[in-house]
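One-based numbering, in listed order, for ligands and for the atoms of each.
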Amino acid sequence: MINIVLFGKPGAGKGTQAEFLKEKYKLTHLSTGDIFRFNLKNDTDLGKQARVFMDNGELVPCEVTTAMLIDEVKKHPDTAGFLFDGYPRTLDQAEALDQFLPTIGSSVTATVALEADDEILVARLLERGKTSGRADDQDEEKIRVRYQEYNEKTAPLIGYYKEQNKFHAVNGIGTIEEITERLTSVIDNL
Ligand SMILES: Nc1ncnc2c1ncn2[C@@H]1O[C@H](COP(=O)(O)OP(=O)(O)O)[C@@H](O)[C@H]1O
């Protein structure tokens with residue numbers, strides 16, 4: 001089983017690249033952002049729990065997110081592997097994943113990070129907000145909160161995975177095809 005954590009700031013292009021990578025490597029794509037948005041739209045209990053945090057650009061509490069993620073993983077017992085997109089996003093979540101995966105005989109294979117400057121990313125998010133209908137992309141204040149959350153809570157994961165020799169960074173600026181190429185050359189060499 002190959003498990004890839006796709007890592008990057010909001011707007012780095014994780015979702016776009018995940019579409020290509022899941023096809024190429026036959027991976028099950030789990031985007032916590034997409035799963036939360038689905039639950040929000042359908043007004044499920046999970047959606048109700050997540051809404052206030054998401055609307056403010058804050059992270060949803062770890063217990064809620066991890067329970068949801070584990071439920072999703074368990075729905076795919078026969079998969080060739082997972083492409084984790086938007087999870088883990090805190091050290092607690094990374095540790096939870098490292099504790100859970102061995103219970104299904106697996107582990108994180110590698111973390112691949114898409115890197116880009118904040119200015120470019122904020123511009124991308126505002127552009128996406130014009131058409132995506134995502135409230136959290138339409139308001140610069142909420143975008144700012146998401147970057148603050150990233151810097152405080154998610155950035156420390158870089159060190160966490162580097163210590164395990166599982167961190168690989170890729171330049172996230174270029175055409176979609178160029179970036180897919182960079183990602184696949186990292187994954188092919190794992
Ligand atoms: N692993 C996670 N832990 C906590 N909250 C999460 C997680 N993944 C997604 N969320 C919530 O969903 C929102 C949208 O996530 P996502 O679509 O991945 O956004 P982004 O464009 O900020 O990368 C986040 O701002 C957060 O509220």
Side-chain angles (χ1 to χ4, degrees), residues 3-19 21-22 28-73 82-101 108 111-158 160-161 170 172 176 179:
N3 296 307
I4 305 291
V5 173
L6 204 51
F7 190 85
K9 293 177 181 175
K14 299 187 292 290
T16 306
Q17 294 299 330
E19 292 303 312
L21 298 178
K22 73 173 185 194
T28 302
H29 175 211
L30 292 184
S31 158
T32 44
D34 286 351
I35 301 166
F36 278 134
R37 278 187 289 279
F38 175 86
N39 280 280
L40 234 62
K41 211 172 90 198
N42 292 288
D43 210 23
T44 64
D45 283 346
L46 185 64
K48 289 189 180 100
Q49 282 175 288
R51 184 180 300 278
V52 50
F53 299 100
M54 291 182 73
D55 281 354
N56 290 327
E58 291 164 13
L59 294 183
V60 178
C62 186
E63 317 78 68
V64 177
T65 311
T66 297
M68 172 186 88
L69 194 272
I70 289 177
D71 272 359
E72 291 294 325
V73 168
F82 291 96
L83 184 58
F84 294 108
D85 165 4
Y87 190 98
R89 241 173 166 106
T90 65
L91 279 175
D92 281 354
Q93 292 179 7
E95 283 164 5
L97 191 62
D98 277 348
Q99 271 169 21
F100 168 70
L101 287 175
V108 170
T111 302
V112 192
L114 286 170
E115 295 190 330
D117 285 345
D118 288 8
E119 268 170 63
I120 295 177
L121 296 180
V122 173
R124 275 192 197 170
L125 288 181
L126 287 168
E127 199 51 42
R128 180 169 85 183
K130 289 182 192 164
T131 53
S132 71
R134 278 182 58 168
D136 61 346
D137 283 347
Q138 290 168 26
D139 179 336
E140 270 204 67
E141 184 65 19
K142 286 178 187 170
I143 294 176
R144 209 177 53 76
V145 174
R146 281 152 71 203
Y147 277 84
Q148 218 171 306
E149 290 281 75
Y150 174 90
N151 288 328
E152 282 173 20
K153 298 176 184 166
T154 309
L157 291 183
I158 297 172
Y160 179 85
Y161 286 114
V170 155
I176 292 176
I179 298 164

Next on the checklist: I'd like to check which ligand 1 atoms, numbered from 1 as shown, lie under 4.0 Å from a non-hydrogen atom of Tyr87.
Outcome noted: 1 (N)
Next on the checklist: Minimum heavy-atom separation for Leu157 and Ala94, please, with both atom names.
Outcome noted: CD2-CB, 3.5 Å
Next on the checklist: Salt bridge or not between Asp137 and Arg146? Use side-chain N to carboxylate O under 4.0 Å.
Outcome noted: yes
Item to check | Salt-bridge contact Asp43-Arg51 (side-chain N to carboxylate O under 4.0 Å) | outcome: yes
Item to check | Lys14 (side chain) donor-acceptor with Gly8 (main chain) under 3.5 angstrom | outcome: yes
Next on the checklist: Residue-level breakdown please: for Arg51 versus ligand 1, do any non-hydrogen atoms fall below 4.0 Å on the side chain, on the backbone, on both, or on neither?
Outcome noted: neither
Item to check | Residue-ligand contact Glu149/ligand 1, heavy atom below 4.0 Å | outcome: no
Item to check | Which residue and heavy atom of the protein sit nearest atom 6 (C) of ligand 1, plus the separation | outcome: Phe36 CE1, 3.8 Å
Checklist outcome for this item: A student checking ligand 1 against Gly86 at a 4.0 Å heavy-atom cut-off should list atoms 1 (N), 2 (C), 7 (C), 8 (N)
Checklist outcome for this item: In this structure, CD1 of Ile179 is separated from OG1 of Thr16 (nearest 0.5 Å) by 9.0 Å
Checklist entry - Which ligand 1 atoms, with their elements, are less than 4.0 angstrom from a heavy-atom of Arg128? => result 21 (O)
Checklist entry - Where's the contact between Val60 and ligand 1, heavy-atom distance under 4.0 Å: side chain, backbone, both or neither? => result both
Next on the checklist: Between Thr66 and Phe100, does the side-chain contact (heavy atoms from CB on, under 4.5 Å) criterion hold? Intermediate values first, please.
Outcome noted: CA-CA 10 Å; Thr66 297; Phe100 168 70; over 6 Å; no
Checklist entry - How does Arg134 reach ligand 1, by side chain, by backbone, by both or by neither, if only non-hydrogen atoms under 4.0 Å count? => result side chain
Item to check | Residue Arg146 vicinity, atoms of ligand 1 by number, heavy atom under 4.0 Å | outcome: 20 (P), 21 (O), 22 (O)
Next on the checklist: On a heavy-atom basis, I'd like to know which of Met54, Arg89, Lys9, Arg37 is closest to atom 23 (O) of ligand 1.
Outcome noted: Arg89
Next on the checklist: I'd like to check which ligand 1 atoms, numbered from 1 as shown, lie under 4.0 Å from a non-hydrogen atom of Glu58.
Outcome noted: 26 (C), 27 (O)
Next on the checklist: As an exercise, identify every atom of ligand 1 less than 4.0 angstrom from a heavy atom of Thr32.
Outcome noted: 1 (N), 7 (C), 8 (N), 9 (C)
Next on the checklist: Between Glu141 and Arg144, does any side-chain N to carboxylate O distance fall below 4.0 Å?
Outcome noted: yes
Checklist outcome for this item: Quick note on ligand 1: atoms under 4.0 Å from a heavy atom of Lys14 include exactly 23 (O)
Checklist entry - Which atoms of ligand 1 are found less than 4.0 Å from any heavy atom of Gln93? => result 1 (N), 2 (C), 3 (N), 4 (C)
Item to check | Pairwise side-chain contact, Tyr87 with Ile35, heavy-atom cut-off 4.5 Å (strictly under) | outcome: no
Checklist entry - Looking at Leu69, Leu97, Leu30, which hits side-chain contact (heavy atoms from CB on, under 4.5 Å) with Phe82? => result Leu30
